[in-house]
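Have a look at the structure below, then the notes.
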Amino acid sequence: MGYSVAEIIKASGKKVYKTQIINDRGIHICKSMLAWEKYGQGETPQSTGLKGDKLVGNYYVKFDQEYKKEIAQLVAKGKDIEDAKKTAPILLEAKKMLLKWEAGDEATVTLWKTMNQWVYKGFDESYAALGVNFDTNYYESNTYLLGKEVVAQGLEKGIFYKKEDGSVWIDLTDEGLDEKIVLRADGTAVYMTQDIGTAIQRIKDFPDIRGLVYTVGNEQDYHFKVLFLILKKMGYDWAKNLHHLSYGMVDLPEGKMKSREGTVVDADDLMMEMTTTAGDISQELGKLDGYSDKEKSKLYKTIGLGALKYFILKVDPKKRILFDPRESIDFNGNTGPFIQYTYARIQSILRKANFDTKHDVVTSILHPKEKELIKLLQNYPTVIQNAADNLSPALIANYTYELVKGYNSFYQSVPIFGADNENDKDTRVQISYMVGNVIKSSFLLLGIKVPDRM
RNA sequence: GCCCUCGUAGUUCAACGGAUAGAAUAAAAGUUUCCUAAACUUUAGAUCUAGGUUCGAUUCCUAGCGAGGGUACCA
């Protein structure tokens with residue numbers, strides 16, 4: 001989604017830096033590290049054959065399970081539940097570990113580096129498979145200190161205030177919001193602290209940036225509202241150009257996905273599954289004579305990924321997406337493969353027509369379907385602009401779908417090679433060529449490839 | 001409790017306050033001596049409820065009902 005929005009904004013004529021913010025430090029990381037130390041018995045991605053991010057994620061889940069067990073035990077002993085949540089031994093240990101990490105403890109930092117490397121390697125594999133890339137990476141382990149610094153400045157300026165226990169807060173009740181913590185009592189940074197630091201660092205590194213777009217799920221609406229307000233109050237003039245592109249989360253039929261509880265659909269598995277389905281359908285149809293196995297598997301990937309990406313990008317980003325893993329994503333109807341198929345048919349025509357795209361066509365009387373298509377083609381630049389203004393890949397997807405539907409209808413009812421005269425034929429091939437170009441271009445904006453055959 | 005989203009055919013999605021609310025899918029029927037039938041054509045089916053603003057409301061406002069999220073010294 002972020003990738004697509006970046007491409008769309010670029011296409012609208014702006015310069016974009018695609019940035020990934022990696023939250024590589026904090027209590028959540030310590031939780032995984034601690035669980036691995038306690039229960040991991042030296043497991044590594046090599047020893048288990050698991051992707052690194054998957055392995056570390058498993059220990060994040062493991063921590064949560066143990067944590068919940070301890071809470072239950074404490075409650076059974078008569079402790080108050082809120083109290084139990086705060087005093088569970090494993091949580092205290094994680095907190096201690098975070099302190100050690102911020103103090104630069106060698107063993108902790110070494111373990112941290114090792115486990116992070118596993119995660120990054122796993123991420124890289126997934127991004128490569130998805131066809132997504134970034135211009136720059138920000139590691140919050142590098143920016144949280146700046147965040148703490150800024151909090152100290154803000155404290156002096158009176159934007160923040162200190163409570164008795166030493167924790168630092170901002171009071172936003174005047175803005176209709178609540179109080180929000182920006183630094184823990186033990187002096188360690190929270191999520192907000194790092195985000196403050198990261199934002200400022202990004203502007204420092206790229207002074208030509210006019211604004212930032214955060215592509216983050218809508219469960220964090222409140223967080224970003226507060227973050228932007230803090231930055232405004234700190235007096236940064238770029239703070240007025242901050243956007244939270246808040247997308248609806250993907251829901252499973254049984255509810256929200258939670259990485260902490262391990263109730264997630266693995267992106268890698270999903271990509272694999274889609275590719276397999278694409279292959280099954282393709283083999284059934286059997287239109288790929290002359291393609292090598294290598295070409296075929298590449299094509300299946302293009303189709304499978306296309307179906308997956310289109311499924312996500314075609315709906316308004318703000319909406320929640322309901323995804324039932326038991327019902328696989330469609331390949332017919334308003335789908336990626338439907339559009340890819342049309343593109344492939346157009347390429348087939350162009351191959352057979354042997355057409356010089358540069359030469360002018362003399363048009364006589366246009367068929368109504370042709371007129372419609374030409375009108376649609378003319379809208380393309382406006383649609384891009386609109387999609388950029390609204391940060392909405394869905395507008396591109398819907399437009400492309402409409403164009404393709406129009407083309408298929410035209411293809412069905414108007415003969416191309418069987419046209420009455422050369423002029424008509426040329427016109428129709430030319431239109432096909434242009435439609436093909438727009439499909440390719442718009443799908444590029446969605447990060448989806450188009451096949452020459454399928 | 002407080003705050004924020006959302007509520008449209010059986011289902012998944014469209015519709016910058018404008019005409020007869022569009023698609024897909026599922027259901028029913030049809031199209032292949034012709035350029036790829038992963039296609040095309042046709043039929044049936046929907047704006048949560050009650051008020052209000054407006055010449056005009058799916059869209060804006062109020063209330064209710066329903067769903068989800070947030071409000072953590074988690075991220």
Side-chain angles (χ1 to χ4, degrees), chain A residues 23 25-31 60 63-64 67 82 85-86 91 94-95 98 140 163 165-169 176-195 216-223 225-226 246 248-249 251 255-256 259-260 278 281-282 284-288 303 307 311 314-316 318-324 327 329-342 344-353 386 389-390 394-395 397-398 401-402 404-405 407-419 425 428-429 432 453-454:
Chain A
N23 198 341
R25 66 156 301 281
I27 191 87
H28 61 300
I29 302 282
C30 290
K31 287 176 178 176
Y60 190 51
F63 175 93
D64 197 58
Y67 177 47
E82 285 308 312
K85 276 185 189 170
K86 282 179 194 154
L91 180 69
K95 282 186 165 181
L98 180 60
E140 301 215 324
K163 285 195 179 174
D165 61 3
S167 57
V168 180
W169 297 72
L177 304 173
D178 293 320
E179 296 178 327
K180 187 87 187 171
I181 188 160
V182 291
L183 206 63
R184 288 195 187 93
D186 62 10
T188 55
V190 291
Y191 186 38
M192 190 61 76
T193 327
Q194 328 180 147
D195 263 355
V216 185
N218 62 9
E219 54 186 5
Q220 298 199 33
D221 285 356
Y222 186 73
H223 171 80
K225 223 190 240 177
V226 173
S246 155
M249 309 299 286
D251 277 329
K256 204 186 156 190
S259 55
R260 204 179 310 169
I281 296 174
S282 190
E284 213 172 288
L285 296 172
K287 295 184 192 172
L288 295 173
I303 298 170
F311 176 78
K314 79 172 173 189
V315 311
D316 185 317
K318 286 189 274 300
K319 279 226 169 153
R320 301 186 73 87
I321 294 177
L322 183 77
F323 174 62
D324 189 341
E327 289 174 36
I329 292 170
D330 268 327
F331 284 72
N332 298 323
N334 186 357
T335 66
F338 169 80
I339 292 167
Q340 288 172 322
Y341 173 69
T342 302
R345 282 213 298 205
I346 289 173
Q347 297 320 299
S348 171
I349 287 173
L350 295 179
R351 280 193 295 270
K352 285 179 183 157
N386 212 338
D389 293 344
N390 290 297
L395 296 178
N398 289 342
Y401 177 64
E402 216 163 292
V404 163
K405 255 193 101 61
Y407 183 81
N408 278 341
S409 181
F410 156 80
Y411 179 92
Q412 196 69 26
S413 52
V414 183
I416 296 173
F417 294 131
K425 184 189 140 193
R428 288 166 194 175
V429 174
S432 303
R453 286 177 60 183
M454 72 183 270

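Predicted, not measured: the structure shown is a model, and the values here were computed from it. The chains referred to below are lettered A, B, ... by the order of the sequence lines, with proteins before strands, and numbering in each begins at 1.
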Distance, [atom1] atom - from [M] to [N], rounded to whole angstrom:
{"N": "B:G7", "M": "B:U59", "atom1": "P", "result": "10 Å"}
{"N": "B:C60", "M": "B:A27", "atom1": "P", "result": "36 Å"}
{"N": "B:U32", "M": "B:A21", "atom1": "C1'", "result": "35 Å"}
{"N": "B:A26", "M": "B:A46", "atom1": "C1'", "result": "15 Å"}
{"N": "B:C74", "M": "B:C4", "atom1": "P", "result": "26 Å"}
{"N": "B:C61", "M": "B:U54", "atom1": "C1'", "result": "12 Å"}
{"N": "B:G22", "M": "B:U33", "atom1": "P", "result": "34 Å"}
{"N": "B:G30", "M": "B:G66", "atom1": "P", "result": "47 Å"}

Side-chain N,O ([X]) to OP1/OP2 ([N]) below 4.0 Å:
{"X": "A:N398", "N": "B:A14", "answer": "no"}
{"X": "A:S413", "N": "B:U41", "answer": "no"}
{"X": "A:K405", "N": "B:A24", "answer": "yes"}
{"X": "A:R184", "N": "B:C74", "answer": "yes"}
{"X": "A:K180", "N": "B:A72", "answer": "no"}
{"X": "A:K319", "N": "B:A14", "answer": "yes"}
{"X": "A:R351", "N": "B:U36", "answer": "no"}
{"X": "A:S348", "N": "B:U36", "answer": "yes"}

Is it the case that the side chains of A:N408 and A:T342 hold a donor-acceptor pair, with the cut-off being a distance below 3.5 Å and no angle test?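 There is such a pair between these side chains.
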Return the value, rounded to whole Å, for the distance between atom [atom1] of [X] and atom [atom2] of [N].
{"X": "A:N408", "N": "B:A37", "atom1": "CG", "atom2": "P", "answer": "10 Å"}
{"X": "A:Y222", "N": "B:U5", "atom1": "OH", "atom2": "P", "answer": "14 Å"}
{"X": "A:K31", "N": "B:A72", "atom1": "NZ", "atom2": "P", "answer": "15 Å"}
{"X": "A:E219", "N": "B:C6", "atom1": "CD", "atom2": "P", "answer": "17 Å"}
{"X": "A:D330", "N": "B:A23", "atom1": "CG", "atom2": "C1'", "answer": "13 Å"}
{"X": "A:K225", "N": "B:G69", "atom1": "NZ", "atom2": "P", "answer": "18 Å"}
{"X": "A:F417", "N": "B:U36", "atom1": "CZ", "atom2": "P", "answer": "8 Å"}
{"X": "A:F338", "N": "B:C13", "atom1": "CZ", "atom2": "P", "answer": "19 Å"}

Closest nucleotide of RNA chain B for A:A394 versus for A:Q194: which of these residues is on the 5' side?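 In this pair, the answer is A:A394.
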Quick check: on RNA chain B, is the nucleotide nearest A:F311 upstream (toward 5') of the one nearest A:D186, or the reverse? Name the residue that is more 5'.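 Here A:F311 is the residue nearer the 5' end.
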Remember a base hit wins even if backbone is also touched, and classify [X] as base, sugar-phosphate or nothing at under 4.0 Å, heavy atoms.
{"X": "A:I27", "value": "sugar-phosphate"}
{"X": "A:K95", "value": "sugar-phosphate"}
{"X": "A:I349", "value": "sugar-phosphate"}
{"X": "A:V429", "value": "nothing"}
{"X": "A:L177", "value": "nothing"}
{"X": "A:S282", "value": "base"}
{"X": "A:Y401", "value": "sugar-phosphate"}
{"X": "A:E402", "value": "nothing"}

Once salt bridge (charged side-chain N to carboxylate O under 4.0 Å, His left out) is applied, do any residues pair with A:E219, and if so which ones, sequence neighbours excluded?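 By the salt bridge (charged side-chain N to carboxylate O under 4.0 Å, His left out) rule, A:E219 matches A:K256.
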My understanding is that only residues two or more places apart in sequence, or in another chain, count here; which of them pass salt bridge (charged side-chain N to carboxylate O under 4.0 Å, His left out) with A:K163?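 Expected list: A:E179.
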Ranges pairing with ranges for RNA chain B, where each run has three or more Watson-Crick or G-U pairs under 3.5 Å: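 RNA chain B stems, ordered by first number: B:1-7 with B:65-71, B:10-13 with B:22-25, B:27-31 with B:39-43, B:48-52 with B:60-64.
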By nearest atom, which of the nucleotides [options] is closest to the [X] side chain?
{"X": "A:A344", "options": "B:C74, B:U36, B:C40", "value": "B:U36"}
{"X": "A:H28", "options": "B:C74, B:U36, B:U71", "value": "B:C74"}
{"X": "A:V315", "options": "B:A39, B:C35, B:C13", "value": "B:C13"}
{"X": "A:D316", "options": "B:C40, B:C4, B:A14", "value": "B:A14"}

Any sub-3.5 Å donor-acceptor pair from A:K180's side-chain atoms to A:V226's backbone N or O?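 Judged by distance alone, no pair lies under 3.5 Å.
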Does the A:R184 side chain pair with the main chain of A:A189, one donor and one acceptor, at a distance under 3.5 Å?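 The answer is yes, because a donor-acceptor pair under 3.5 Å joins these two groups.
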Nearest 0.5 Å, please: how far is CE in A:M454 from OG in A:S282?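 With rounding to 0.5 Å, OG (A:S282) is 7.0 Å from CE (A:M454).
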Could you check A:Y407, A:Y401, A:F311 and say which one makes a ring pair (Phe, Tyr, Trp, His ring centres under 6.0 Å) with A:F338?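 Single ring pair (Phe, Tyr, Trp, His ring centres under 6.0 Å) partner of A:F338 among A:Y407, A:Y401, A:F311: A:Y401.
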In the structure I gave you, are the side-chain heavy atoms of [X] and [Y] within less than 4.5 Å of one another anywhere?
{"X": "A:M192", "Y": "A:I181", "answer": "no"}
{"X": "A:H223", "Y": "A:D195", "answer": "yes"}
{"X": "A:I303", "Y": "A:F331", "answer": "yes"}
{"X": "A:P337", "Y": "A:Q340", "answer": "yes"}

